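The structure under discussion appears below in the form of structure tokens.
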Amino acid sequence: MTGNLAEIESKATLFRECFAHLQGEIGKVFVGQRAVVDQLLLCFFCQGHALIEGAPGLGKTLLVRTLSDALSLRFARIQCTPDLMPADVTGTNLLVESPTGRREFEFQRGPIFANIVLADELNRATPRTQAAFLEAMQERHVTIFGVTHVLEEPFSVFATQNPIEMEGTYPLPEAQLDRFFFKLRIAMPDVSELAEVLARTTGSSQTRARSGYGGATVREMIELIKQVKVADPALQLVLRLVRATHPDVEGAPDVVKKYVKYGASPRAAQAMILAAKALALLDGRYHVAVDDIRAVVLPALSHRIIRNFHGEMEQITTTAIVERTLAAVSGE
Amino acid sequence: MTRPALTTSASAASGDLVAALQRFQTRARTIVFLSELFRAVAIGAAAAMMWNAWWEIAGVARWTALFAMVGGAVVAALLLTYFRGPTLKATAAAIDRRLQLRDRVVAALQVSRDRDPVSALVVRDAAVCLRATTPADVFPRASSQRAAAGALLLAAALLTVTIDLPRAPWARQPGMGEGTTPNATSTGAATDGGPATSPAKAGADVRPAEPRSAGPSAGQQGEPLEATAPTALDAATPSAESEAAASRPASSGSDAARRLAPTSPDPGSSPERRPGGGEGSGPGAQSTAGTPGRTALGGSSAGAGGSTPDIAGMRGSESGGVAAGPLVAGVPVAFPASPRVTQPPPIAKVVSQAQIDAALSRDDIPFARRQYVRDYFLRLRSTGGSR
């Protein structure tokens, strides 16, 4: 037991060090947005996928690229356009000629076969191509010509989308939105952060993140996170919260009944629990507390709630709905 | 080889945690018990005071009522604590909340039976946190409004039991202020249209019935209350006696008034009481003699200030015994003869302050009647034992 305890504790310490290292390395390149960085890292260590939303030029792509640089992992970027085909994402069988002169089909892996995949402007890809991501994101394997290819762990898809320019885009369907662990919103930096951005990017020296931990370490961390216990109050809060987002459920808050069309799925509960587990480890605990759940409610729930007509007309944001639902469920 | 060691260590850790939690639970239960006790004592003391106001109705002594109410409150508090006291889980949640441990103890209690290393770490973490504090720190004993209310009400109840407070008019026994006897009640209602509020008033209420009886001992209408009140009292006593000695010769009313103790129906044993019996032989006396409460009151008043057998006679009247002199099959029963007293004490001896106080300090005289008895003796003393 003592050996096991020491091993667990050393892994937990390593996780905290790894997290701090990534925070530091990303901070060298990406200015500010600490909450977004932390949530992105949580998402990665929980092996979730994140949808990063922000105006052009706020560093969405840079953030993901810096993360991959800070980790010694394979990185792939897919620039989504309307003519992007699924095979461009997953890969396809190509007819190749062997050295003996024999022609045969050989599977050429697509960019999805990476540890960190950046799907830039995912909403510009056609629904068909977007669907190509579905199996990979959820099942962590792709099937091409009847052959299933397992994706290597760790595997995370970080998609970006621009909320402003919607012409020529294909909004992500709810089913695909639900597959994203978190939805992160990158806000405009304040003056000091903007000045720092200018100082870093317009000078002669460009800073790059130093790679540190590899895939094996990350996989250990992922396993460790799953072992963290969940206290009953925290679990009850998650259950109540997810149920409360459904307008047809008895006891749903008024804001949900009035403005929500569809509530969060069980994936939302999974996301909250997993992210809270990682947060607990970061806090030096081996159990999830209610506060951990509160910290991850917004990024886990806001994109999983579909507003109804009244909600859209009155421009009630999903963030406001989640906050009011959380307050109602917590009895605040 | 490793597995048993793991299990033993984990179970020991969880055992320590549960043991530590039980200490906190005991403390929490104590606090809950005290809180419930204060509330229950407040309710019990209030109930005891109310009971005390009407305690003669049930015939329960004041201390008994107080002990019963407060004791019942303590038992209720114990039961409430037992059934509604904090469980181990609730205690853990309270500790987490008060020490801001972020659900450490709750989680540890939850996984205390698990045998994996992470659970052991959770338990160990909680145990460390619990070790750093004491149950008294987490559940301090603080004075509350409930405690203050309980203490105040208990003190008030003790005061009301200890001190003979005059009873409020509305709380007086019918036998005291409003007249227990059917005669007194009926005549009082017919004359005044309402209940009498003092012994003197009670006597005044009786008087309108007396012209009907036209007995020589009855006071005349318009006579001062001070003069009529003793008459109304002792009218009962000789009249009860009068049935037993109906053939005795009547004597003056003043002699009869001096003989308060209706001790012996035997005319030979108490020659001085014969005139009283003669006085009671009038019609008015007869009407009063048919009223047990009135008869008992007259007997008890004299007995309290006089001698023990008379008090015993009063007790008999309280319990509705033969000595009360009620109507038994339409015939008033005389007070039994006291074996120890053959000669009733003179009024001058009866009306001594020490004896009055001694008699009144005992529980033999019901609380509701003490004021009445006190007034009676004081009135006697002021008049020198005569009307």
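These numbers come from the heavy atoms of this one structure, side chains and all, not from hydrogens, waters or symmetry mates. Proteins get letters first, then strands, A, B, ... in listed order; numbering begins at 1 in each. Nothing here was measured: the structure is a model prediction, and the numbers come from that model.
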Which of residues 225-234 of chain A get closer than 4.5 angstrom to chain B, counting heavy atoms alone?
-> Q227(A), V228(A), K229(A), V230(A), A231(A), D232(A), P233(A)
Hey, could you give me the CG/CD1 distance between D103(B) and I293(A), rounded to the nearest 0.5 Å?
-> 10.0 Å
What is the distance from atom OH of Y286(A) to atom CZ of R104(B), rounded to the nearest 0.5 Å?
-> 10.5 Å
Give, for atom CZ of R115(B) and atom CG of N4(A), the distance between the pair rounded to the nearest 0.5 Å.
-> 14.0 Å
Any idea which heavy atoms bring P117(B) and L5(A) closest together, and the distance?
-> O-CD2, 3.1 Å
Quick one: which residue pairs count as a side-chain hydrogen bond (donor to acceptor under 3.5 Å, both in side chains) with a foot in residues 236-247 of chain A, not counting sequence neighbours?
-> none
With the side chain counted from C-beta on, respond yes when V111(B) and H287(A) share a heavy-atom pair under 4.5 Å apart, and no when they do not.
-> no
Would you indicate whether F33(B), at its atom CZ, is surrounded by more than 12 heavy atoms from other residues, nucleotides or ligands within a distance under 6.0 Å?
-> yes
Find the distance between CG (D125(B)) and CZ (R285(A)) and round it off to the nearest 0.5 Å.
-> 9.0 Å
Count the heavy atoms of every other residue, nucleotide or ligand shown that sit under 6.0 Å from CZ of R324(A), and state whether that count exceeds 12.
-> no
Any chance you could measure D283(A), atom CG, to R102(B), atom CZ, to the nearest 0.5 Å?
-> 4.5 Å
Taking atom CZ of R113(B) as the centre, does the number of heavy atoms from other residues, nucleotides or ligands within less than 6.0 Å exceed 12?
-> no
